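Inspection log for the structure reproduced underneath, given as structure tokens.
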Amino acid sequence: MTETVTLDALDRRLIHALQLDGRMPFSRIAAAVGVPERTVARRYHRLWSWPALRVVGLVDGGRTGMLDWIVRVRCAPEALETLAVQLARRADTSWIAPMVGGTELTCMIRTQQPGGDGRRSFFEQLARTAGVREVDAACVLRPVAGVGGWAGRLDALDEAEQRLLRPSRPGSVPPTGSAEAARTPAPALSAADNALLRALSHDARADLGRLAAATEWSESTVRRRIGQLRDSGVLVFEVEIDPALFGYPIEALLWLDVPPAGLRAVADALAGHPQVAFAALTTGPSSVFAMVECRSVSGLHAYVTDELAALPGITGIESAVTQRRTKRAGPLLAPLAEKRASTASGRAATP
């Protein structure tokens, strides 16, 4: 019999704390929330082992000269599962979601800047994959909401607890996509840096010994380099957990038509909406993309017809409900996708 995952108040406070700082010591969290350190550690390892929770280290592509794309793939129903798993196994993909209906999936892909090296691009390869009927790619120009975590899981700690837990780092990182960030030189990453970042992408809470082994650095060098990468904005942490565990089982993707004059006002509004897990200004027919989490279909309806409809800059909305997640922010498949992978493997050409 499979144990049901449920979150109580302490679990939620732990998750909130980890979103503030993914490598925060359990002792510090315990002191802030007033429980023994062993209790906090036990809660974390319970959630991690289900597996319901992962903390991953992510590279901010905007700081390293990379481009992020929101990609919609329409395909034959029999190709959907295989394609989702194949894309999930790539290191450059994230947030893969087959949509309800069985003929479309959406994901994010990170690429180099366009170049003239004569090689076929990822998008050309994807379009030629067996079963794929149409590929649409919109470049992320600037994230406008959800950077630093979805607000729906950031309300468990009170202000006093958050002040105790907020990282006090010497560097001040400009927001991703800001004019200041655009002027920030992209730091050079060594082979050891890339090995460190790969290890953190699998487990941001890996101990210094494991990270030292991956990089062939000393533990003190690893600790110092993690701090430098965080202060420069290259390295950020993300807590991966299913919004359904917070009571938000309905996830929808929205493509909003907004004329240029209304973009700033719409972006500012989305940043304040608790339903919005992520939103960005993009290229393509729709200039704004948003991922929203809702308690029910009626809640999604209310959000679209009340809050979004009240924004004067939006002239059109396309929406789709996700069926499940094959992959979230980190490099590993979601548990359900991993179970399906053995049966899906080999049914179509790898993109």
Side-chain angles (χ1 to χ4, degrees), residues 1-24 26 29-30 32-58 81 84-85 88 94-100 146 148-157 161 165 201-206 237-253 274-278 291-300 321-344:
M1 180 175 176
T2 303
E3 186 178 4
T4 301
V5 180
T6 58
L7 302 179
D8 64 15
L10 180 56
D11 293 327
R12 293 173 184 242
R13 295 166 84 191
L14 168 61
I15 292 164
H16 190 165
L18 291 173
Q19 187 63 67
L20 296 177
D21 182 352
R23 288 187 64 83
M24 187 179 299
F26 292 139
I29 299 173
V33 302
V35 300
E37 179 182 350
R38 64 180 178 276
T39 300
V40 173
R42 187 168 60 247
R43 290 300 185 96
Y44 171 80
H45 290 296
R46 183 188 64 175
L47 291 171
W48 182 87
S49 64
W50 255 326
L53 169 70
R54 279 202 309 145
V55 185
V56 295
L58 305 177
E81 192 64 48
V85 170
S94 59
W95 302 115
I96 299 176
M99 314 307 292
V100 171
W150 168 49
R153 62 174 182 232
L154 297 178
D155 59 359
L157 297 171
E161 291 169 333
L165 292 171
S201 73
H202 284 84
D203 181 4
R205 296 189 63 83
F237 294 126
E238 172 68 18
V239 176
E240 292 190 346
I241 192 163
D242 189 345
L245 296 177
F246 287 82
Y248 294 84
I250 301 299
E251 180 179 75
L253 307 183
Q275 298 91 339
V276 177
F278 175 78
M291 180 190 306
V292 299
E293 313 294 346
C294 299
R295 294 190 182 278
S296 62
V297 172
S298 60
L300 173 60
V321 175
T322 67
Q323 181 173 327
R324 62 183 179 278
R325 282 287 177 191
T326 304
K327 188 179 186 182
R328 295 190 180 274
L332 302 180
L333 278 73
L336 178 60
E338 190 67 58
K339 292 178 181 178
R340 297 169 183 257
S342 58
T343 57

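Just so it is clear, the model here is predicted, and its values are computed rather than measured.
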Working to the nearest 0.5 Å, report the span between [atom1] of [X] and [atom2] of [Y].
{"X": "Asp8", "Y": "Arg13", "atom1": "CG", "atom2": "CZ", "answer": "10.0 Å"}
{"X": "Arg43", "Y": "Leu53", "atom1": "CZ", "atom2": "CG", "answer": "12.5 Å"}
{"X": "Leu245", "Y": "Asp11", "atom1": "CG", "atom2": "CG", "answer": "9.5 Å"}
{"X": "His16", "Y": "Glu161", "atom1": "NE2", "atom2": "CD", "answer": "9.5 Å"}
{"X": "Ile15", "Y": "Leu7", "atom1": "CD1", "atom2": "CG", "answer": "5.0 Å"}
{"X": "Asp21", "Y": "Ile29", "atom1": "CG", "atom2": "CD1", "answer": "8.0 Å"}

Search all heavy atoms of [X] against all heavy atoms of [Y] and return the closest pair with its distance.
{"X": "Leu154", "Y": "Gly149", "result": "CD1-O, 3.7 Å"}
{"X": "Ser201", "Y": "Val56", "result": "O-CG1, 3.3 Å"}
{"X": "Ala329", "Y": "Leu58", "result": "O-CD2, 3.6 Å"}
{"X": "Val100", "Y": "Thr322", "result": "CG2-O, 3.8 Å"}
{"X": "Met99", "Y": "Leu253", "result": "CE-CD1, 3.7 Å"}
{"X": "Ala17", "Y": "Leu165", "result": "CB-CD1, 3.9 Å"}

Original post:
Is the NZ or CZ atom of Arg205 positioned over Phe26's six-membered ring, under 6.0 angstrom from the centre and within 45° of the axis?
Top reply: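 That pair qualifies as a cation-pi contact.
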Original post:
Strictly under 6.0 Å, is that where the ring centroids of Phe278 and Trp95 end up?
Top reply: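 No, the ring centres sit 6.0 Å or more apart.
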Original post:
Going through the distances and angles, do Val321 and Val297 end up as a side-chain contact (heavy atoms from CB on, under 4.5 Å)?
Top reply: CA-CA 9 Å; Val321 175; Val297 172; over 6 Å; no
Original post:
Hey, are Arg328 and Asp242 close enough for a salt bridge, meaning a charged N less than 4.0 Å from a carboxylate O?
Top reply: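 Looking at Arg328 and Asp242, the cut-off is met.
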**OP:** Could you tell me whether the side chain of Leu157 reaches within less than 4.5 Å of the side chain of Val33, counting heavy atoms only?
**Re:**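 Contact flag for Val33/Leu157 side chains = yes.
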**OP:** Could you tell me whether the side chain of Lys327 and the main chain of Ala88 form a donor-acceptor pair under 3.5 Å?
**Re:**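 Yes, the answer is positive, given that a donor and an acceptor are paired below the 3.5 Å cut-off.
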Subject >> Verdict with reasoning, Phe246 to Arg12, per side-chain contact (heavy atoms from CB on, under 4.5 Å) >> reply: CA-CA 9 Å; Phe246 287 82; Arg12 293 173 184 242; 3.6 Å; yes
Original post:
Name the one of Glu238, Glu293, Glu240 that satisfies salt bridge (charged side-chain N to carboxylate O under 4.0 Å, His left out) with Arg153?
Top reply: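 Looking at Glu238, Glu293, Glu240, the match for Arg153 under the salt bridge (charged side-chain N to carboxylate O under 4.0 Å, His left out) is Glu238.
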